[in-house]
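Working notes, beginning with the structure itself.
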Amino acid sequence: MVIQAAIKTGAGAFDQLDPPDPELFLDCIHCGFCLPTCPTYLLLGNEMDSPRGRLSLIRTASEGKIGVSDSFVRHMDLCLLCRACETACPSGVKFGFLMEAARGQVERQHRYPAAEGRFRQLLLNTFTDIGRLRTLTSLLRWYQRSGLQRLIRGSAILKRFGRLGKMEALLPEIADPRLYALPEVTPAKGQRRGRVGLLLGCVQRFFFPQLNAATARVLSENGYEVVAPKDQGCCGSLLIHEGDRARGKELARQTIDCFERAGVDAIAVNAAGCGSAMKEYWDLFQTDSAYTKKASAFSTKVRDVSELLAEEPLRGALQPLNLTVTYHDACHLAHGQKIRQQPRTILKTIPGLRFVELRESDFCCGSAGVYNLLHPELAQQLLDRKIERIMETGAEVVVSGNPGCSLQIEKGLRERRLQIRVMHPVELLDWSYRGVER
Ligand code: SF4
Ligand code: SF4
């Protein structure tokens with residue numbers, strides 16, 4: 001009670017723990033340029049589910065004219081945090097920072113209905129804990145290898161399991177992690193360019209271990225010594241995205257310390273959501289004097305792997321890949337990190353590969369962290385739109401730089417029985433280096 005009273009002295013409806021910064025929401029000039037780019041506004045047609053409407057709610061709450069009510073929470077929750085509004089905004093409103101801070105307030109001040117609260121906690125506790133994910137993925141591997149998944153998917157039983165059934169639908173084929181175990185240090189080939197840390201991620205590590213192995217090989221081929229510290233955990237991005245800033249900061253501190261100990265020149269990330277959050281640790285720790293400087297130094301070292309590889313011409317001999325490929329811009333790469341050209345440049349460098357642009361490539365696929373599990377109906381509408389666009393391209397491979405998007409798009413392709421593969425740009429580059437095409 002004492003702590004609650006002490007922190008409840010912030011602006012208006014907000015407590016003083018990282019409230020949304022008025023200097024940021026006052027940048028909004030209400031022009032409305034962001035509205036046509038906002039997926040939730042396009043789907044729901046409601047001003048309060050647009051960037052401008054949400055900013056207005058945050059401002060009004062900050063002035064104490066409204067509270068953190070059920071309605072306020074609903075409009076904050078329905079935001080995908082895709083940040084398409086930031087790309088469209090002529091006034092440079094930092095919407096992502098504001099929404100994350102607003103969700104921090106929701107997390108502390110709002111009580112979800114019991115079942116909803118338990119489901120949210122289940123997701124956040126599972127997808128940010130390496131030990132739990134390890135156990136879960138071993139069980140899921142058994143479920144797939146035993147033939148049980150085929151039986152269950154062939155029946156209508158999953159429909160009875162509500163959200164758990166929807167989670168099952170997202171499951172990719174889980175590889176044996178032992179096949180892709182990475183050494184702690186992969187030496188550089190040829191003249192050494194530097195020493196980079198590799199973020200193994202959570203979903204990435206267990207659902208796409210082949211991608212981490214490919215990333216280490218490609219970086220090594222390009223002259224980087226790759227360090228994958230064994231003691232690294234979750235970067236906290238999902239928790240920050242969902243408003244659990246206290247736990248998100250704890251994981252961020254551990255990530256900063258871990259890569260500081262590794263003594264690396266840069267940190268390579270192959271998951272857009274993680275990279276975006278890590279590049280913004282500097283903001284997260286602005287009021288934590290013990291970590292302000294460390295977080296800023298860390299953030300300047302973070303690079304998406306495509307960004308790092310595009311800094312200099314690619315090395316080594318690339319073999320032709322006879323594939324037609326299209327590219328989906330993950331929101332946290334295109335809008336969050338402003339990285340659009342680098343993955344395309346990599347793909348277009350691969351001989352034989354035919355690149356086809358995707359219409360609305362930077363429109364959210366509905367994945368958005370755990371949004372597709374919390375708001376499956378809206379997410380499905382966005383996924384359907386994405387799959388229609390992919391089908392227009394005639395591509396055999398759709399490329400994405402974020403594991404959440406990959407899972408979501410794979411699910412959409414499976415639903416329509418489309419034989420289109422989903423890959424990361426670095427996996428295709430790795431195939432080209434190794435002369436393999438599966
Ligand atoms: S982050 Fe995305 S969903 Fe949220 S307001 Fe901006 S454009 Fe709309
Ligand atoms: S585009 Fe920017 S300034 Fe214009 S309404 Fe949207 S957030 Fe406000």
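For ligands, and for the atoms within them, numbers begin at 1 and follow the listed sequence.
Of all atoms in ligand 1, numbered sequentially from 1 with element shown, those under 4.0 Å from a heavy atom of R83 are 1 (S), 2 (Fe). Less than 4.0 angstrom separates some heavy atom of S91 from each of these atoms of ligand 2: 3 (S). Every atom of ligand 1 is numbered from 1 in the order shown, and the set under 4.0 Å from a heavy atom of R54 is 3 (S), 4 (Fe), 5 (S), 8 (Fe). Taking every non-hydrogen atom of C38 and a distance limit under 4.0 Å, the qualifying atoms of ligand 1 come out as 3 (S), 5 (S), 7 (S), 8 (Fe). In summary, the atoms of ligand 1 found under 4.0 Å from a heavy atom of L81, numbered by their order in the structure, are 1 (S), 4 (Fe).
Of the candidates H328, K386, R389, R389 is the only one forming a side chain to side chain donor-acceptor pair (under 3.5 Å) with E360.
Closest protein heavy atom to atom 2 (Fe) of ligand 2: C89 SG, 2.3 Å. Considering only non-hydrogen protein atoms, atom 8 (Fe) of ligand 2 sits nearest to C28 SG, 2.4 Å. Nearest non-hydrogen protein atom to atom 7 (S) of ligand 2 is L55 CD1, 3.5 Å. Considering only non-hydrogen protein atoms, atom 5 (S) of ligand 2 sits nearest to G32 N, 3.2 Å. Nearest protein heavy-atom contact of atom 3 (S) of ligand 2 is I29 N, 3.3 Å. Nearest protein heavy-atom neighbour of atom 4 (Fe) of ligand 1: C79 SG, 2.3 Å. Summary of contacts: the protein heavy atom closest to atom 6 (Fe) of ligand 1 is C85 SG, 2.4 Å.
For the pair Q232 (side chain) and L200 (backbone), a donor-acceptor distance under 3.5 Å is present. A donor-acceptor pair under 3.5 Å is absent between the side-chain atoms of N270 and the main chain of V305, judged by distance alone.
Using a 4.0 Å cut-off between heavy atoms, Y41 makes no contact with ligand 1 at all. In M99, neither the side chain nor the backbone holds a heavy atom less than 4.0 Å from any atom of ligand 1. With a 4.0 Å cut-off on non-hydrogen atoms, L35 does not touch ligand 2 at all.
In this structure, R74 does not pair ionically with D49, as no charged nitrogen and carboxylate oxygen lie closer than 4.0 Å. Between K249 and D288 there is no salt bridge, since no side-chain N of the basic residue sits under 4.0 Å from a carboxylate O of the acidic one. Here R59 pairs with E63 in a salt bridge; the nearest charged N to carboxylate O distance falls below 4.0 Å.
In this structure, G92 falls outside the shell of residues with a heavy atom less than 4.0 angstrom from ligand 2. Not close to ligand 2: P51, with no non-hydrogen atom less than 4.0 angstrom away.
Judged by the 6.0 Å and 45° rule, R253 forms a cation-pi pair with Y291. For R217 and Y433, the positive end is not near the middle of the six-membered ring at less than 6.0 Å and at most 45° from its axis.
For the residue pair R132/T126, the side-chain donor-acceptor check at 3.5 Å is not satisfied. For the residue pair Q380 / K411, a side-chain donor-acceptor distance below 3.5 Å is found, with atom types taken as modelled.
Residue H335: no N/O/S atom is found under 2.8 Å from atom 2 (Fe) of ligand 1. Between atom 6 (Fe) of ligand 2 and C34 there is an N/O/S contact shorter than 2.8 Å.
Counting only heavy atoms from C-beta outward, the side chains of L171 and Q144 approach each other to under 4.5 Å.
A distance of 12.5 Å separates OG in S306 from CZ in R340, rounded to the nearest 0.5 Å.
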